Each structure stands twice: as structure tokens, then as C-alpha cells.
Amino acid sequence: MGNFLKGVLGGFSGKIGNVIGSSWKGIDYMRSLPRKTLNNATQEQLIQRLKFSCAVNFVKPISALVSVGFKSLAKQKITGYNVAIQKVLMNAISGDFPDYAVDFAKVQISEGTLISAMNPKAQSTVPGTLDFKWTNNADPGNNAHNDDTAIVLVYNPSKGRYLFNFQGAKREEELYSFALPENFSNDEVHAYMGFISRDRRIASNSEYLGKVVVF
């Protein structure tokens, strides 16, 4: 705000453009209008914020896993973690405003040109253990190798716990037994698996193996 000397037409009051003229105790002054602030986001902005929050909340605890699983898709300023969030945003958010949630069946933990697991399944028949099984489909000519390593994720929504391993069994072994905490017994968990190459440069598209009740 500043005061000014009257010109030949005297002072002014009121608004001209983004300037307001007024007088106080005989002193004429001008001040600019305050900048508008966007205190209230549009509904579209709120929708994007809520969806983004859902994606980040799910992916952040498994950032180490998806950094490996999406490594081949990462670029200079886009990490595997960033790619994983984008995938959840694009493919795995369900619900209506404002009640959005992650659709666990549509989540990916890896993506790439490596051949995926054949006949993958997850089951629990031993207390505190979740068995990942598959059929060895190694074929070097088709980008599937005996020494490709299984990467697995177990998510327990009732406990809010994520357990993962990207140094599991080899493709040729056809089995990876994942030891779980004792308090997972009788809980329903979501299971995912994929493969990464020995040098960890290439991954397969991951598979969602469904919901499994832990023995």
C-alpha cells in the first residue's frame, strides 16, 4: 500500500483494474487487490489426489520390490517405484468419489519381456507357510531360463503387512515356500509372483495368484 499526492483531478476512490483507491484520515492511498488463493480444490483435483494417495499407500511399503520388478521400464528421472505407482493409478484403482481403494487383483509387481510363470498357484497346507508353485517352462530361445529367480509378494490387508522376496527359488525348482509370521494364521492374504533374470535386468509380467487363507 502507498499514499500519493493529488493530481489535477484529485484523489480517487474505488477500483480501477487491480488497484483500489481510498482515503483514510485525509490521506489518499492506493493498494492492489490481494491475489486469489485456491483454497478449494476442484472435484477433479480431489479425485486425482485421492487416487494418487491410494496408489502411494499401497506401493510405498514394497518400493524395494517394485524397483527391481519394473527396472527395465525405468528411465532417467522415472524409477521403478514411479512406474509401479503409475500402473496402480491406471489399472488398479476402484470405487467412486470419494471412496477409492486399490483393486488387489489388478496390481502388478513386475513387468517385462521375460516369460511369466506357467501354471502358477499359491496355497497354504503347512502352518505359517505359503507355497508358491509353478511348472518349469525354461526355454532359452523363448527368453525363459532355469536360473530366472522368483519374486513374490504376500499382502495381508487385515494386518496391513507386506512380505516380499526377490531372491527366491529358481524357475527350475518349481517351488518356493515362504515362511509367514505366526499371527498370519487364519488370515486371508493376497499372493503375487513373477520372475527376474539372473542379472536382474529383465523381469516378467507378474501374476496375481488370488486370495489364500493361511493355515
Side-chain angles (χ1 to χ4, degrees), residues 35-117 120-122 124 130 132 149-168 178 180-181 183-184 186-196 200-214:
R35 292 182 179 179
K36 293 182 178 180
T37 57
L38 297 176
N39 293 324
N40 297 317
T42 66
Q43 181 166 316
E44 183 62 29
Q45 289 172 322
L46 289 174
I47 287 173
Q48 291 306 312
R49 289 176 189 175
L50 289 172
K51 288 183 176 181
F52 184 76
S53 178
C54 281
V56 170
N57 288 341
F58 186 87
V59 175
K60 189 173 183 179
I62 58 172
S63 59
L65 175 66
V66 296
S67 292
V68 172
F70 291 102
K71 184 176 181 179
S72 64
L73 301 184
K75 298 179 181 179
Q76 277 188 327
K77 295 184 179 180
I78 301 178
T79 64
Y81 170 72
N82 298 141
V83 174
I85 291 175
Q86 291 174 357
K87 294 290 182 181
V88 173
L89 278 173
M90 290 188 297
N91 306 317
I93 299 295
S94 63
D96 298 310
F97 179 81
D99 301 314
Y100 295 110
V102 173
D103 185 340
F104 304 128
K106 296 180 179 179
V107 168
Q108 289 179 264
I109 63 170
S110 65
E111 184 175 321
T113 59
L114 207 64
I115 297 300
S116 300
K121 62 181 179 180
S124 181
L130 187 66
F132 291 82
T149 303
I151 59 175
V152 299
L153 167 66
V154 178
Y155 173 56
N156 185 334
S158 68
K159 298 287 193 300
R161 292 281 305 279
Y162 302 75
L163 300 175
F164 59 85
N165 193 328
F166 45 83
Q167 298 177 336
F178 201 165
L180 305 178
N183 66 352
F184 273 38
N186 297 318
D187 285 352
E188 186 176 74
V189 299
H190 298 268
Y192 308 79
M193 78 165 292
F195 282 113
I196 55 172
R200 296 190 183 182
R201 295 180 62 184
I202 306 172
S204 72
N205 293 341
S206 63
E207 304 275 352
Y208 173 66
L209 306 186
K211 296 180 286 188
V212 182
V213 176
V214 180

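Worth knowing before you read on, the calculation uses all heavy atoms, side chains too, and leaves out hydrogens, waters and symmetry mates. The residues of the chain are indexed from 1 along the displayed sequence. Every value quoted in this text rests on a predicted model; they were computed, and no experiment measured them.
Taking CD1 from I196 and CZ from R201, the interatomic distance works out to 13.0 Å, rounded to the nearest 0.5 Å. Between L50 atom CG and F97 atom CZ the span is 6.0 Å, to the nearest 0.5 Å. Taking CG from L153 and CD from Q108, the interatomic distance works out to 13.0 Å, rounded to the nearest 0.5 Å. Going from atom CG of L130 over to atom CG of L209 covers 8.5 Å, rounded to the nearest 0.5 Å. Expressed to the nearest 0.5 Å, how far CG of L46 lies from NZ of K51 amounts to 12.5 Å.
Residues meeting the salt bridge (charged side-chain N to carboxylate O under 4.0 Å, His left out) test with K211, sequence neighbours left out: none. Residues satisfying the side-chain contact (heavy atoms from CB on, under 4.5 Å) criterion with F52, sequence neighbours excluded, are V56, I85, L89. In terms of the side chain to side chain donor-acceptor pair (under 3.5 Å) criterion, S116 has no residue partners (sequence neighbours excluded). Partners of Y192 under the ring pair (Phe, Tyr, Trp, His ring centres under 6.0 Å) rule, at least two apart in sequence or in another chain, are Y208. Applying the side chain to side chain donor-acceptor pair (under 3.5 Å) rule to Q167 yields no partners; only residues at least two apart in sequence or on another chain are considered. Not counting sequence neighbours, the partners of S53 by the side-chain contact (heavy atoms from CB on, under 4.5 Å) test are N57. K159 is linked by a side chain to side chain donor-acceptor pair (under 3.5 Å) to D187, counting only residues two or more places apart in sequence or in another chain. For A117, the side-chain contact (heavy atoms from CB on, under 4.5 Å) partners are P120, W134, M193, F195, not counting sequence neighbours. Applying the side-chain contact (heavy atoms from CB on, under 4.5 Å) test to P61 and every residue at least two apart in sequence or in another chain returns Y162.
S206 places no side-chain N or O within donor-acceptor distance of the main-chain N or O of G194, the cut-off being under 3.5 Å. Although no hydrogens or angles enter the test, the distance criterion places a donor-acceptor pair under 3.5 Å between the side chain of N205 and the main chain of G112.
For the pair F184 and L163, the minimum side-chain heavy-atom distance is below 4.5 Å. I93 has its side chain within reach of V102: a pair of non-hydrogen atoms, C-beta onward, lies under 4.5 Å apart. Within the 4.5 Å cutoff, the side chain of S94 has no heavy atoms near those of the K106 side chain. Annotation: side chain of V66 is not in contact with side chain of V83 (no heavy-atom distance under 4.5 Å).
Legend: salt bridge (charged side-chain N to carboxylate O under 4.0 Å, His left out) pairs involving residues 54-73, not counting sequence neighbours: none detected. The stretch residues 90-99 participates, sequence neighbours left out, in no salt bridge (charged side-chain N to carboxylate O under 4.0 Å, His left out) pair at all. Listed by first then second residue, pairs satisfying side-chain hydrogen bond (donor to acceptor under 3.5 Å, both in side chains) with a partner in residues 76-93 read T79-N82, K87-E111, not counting sequence neighbours.
Across all their heavy atoms, S110 and S204 have their closest contact at OG-O, 2.7 Å. The heavy-atom pair separating I151 from G69 by the smallest distance is CD1-CA, 4.4 Å. When all heavy atoms of A64 and F166 are compared, the closest pair comes out as O-CE2, 3.9 Å.
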Residues S124, V214; criterion side chain to side chain contact (heavy atoms under 4.5 Å, CB included); working and verdict: CA-CA 5 Å; S124 181; V214 180; 4.0 Å; yes
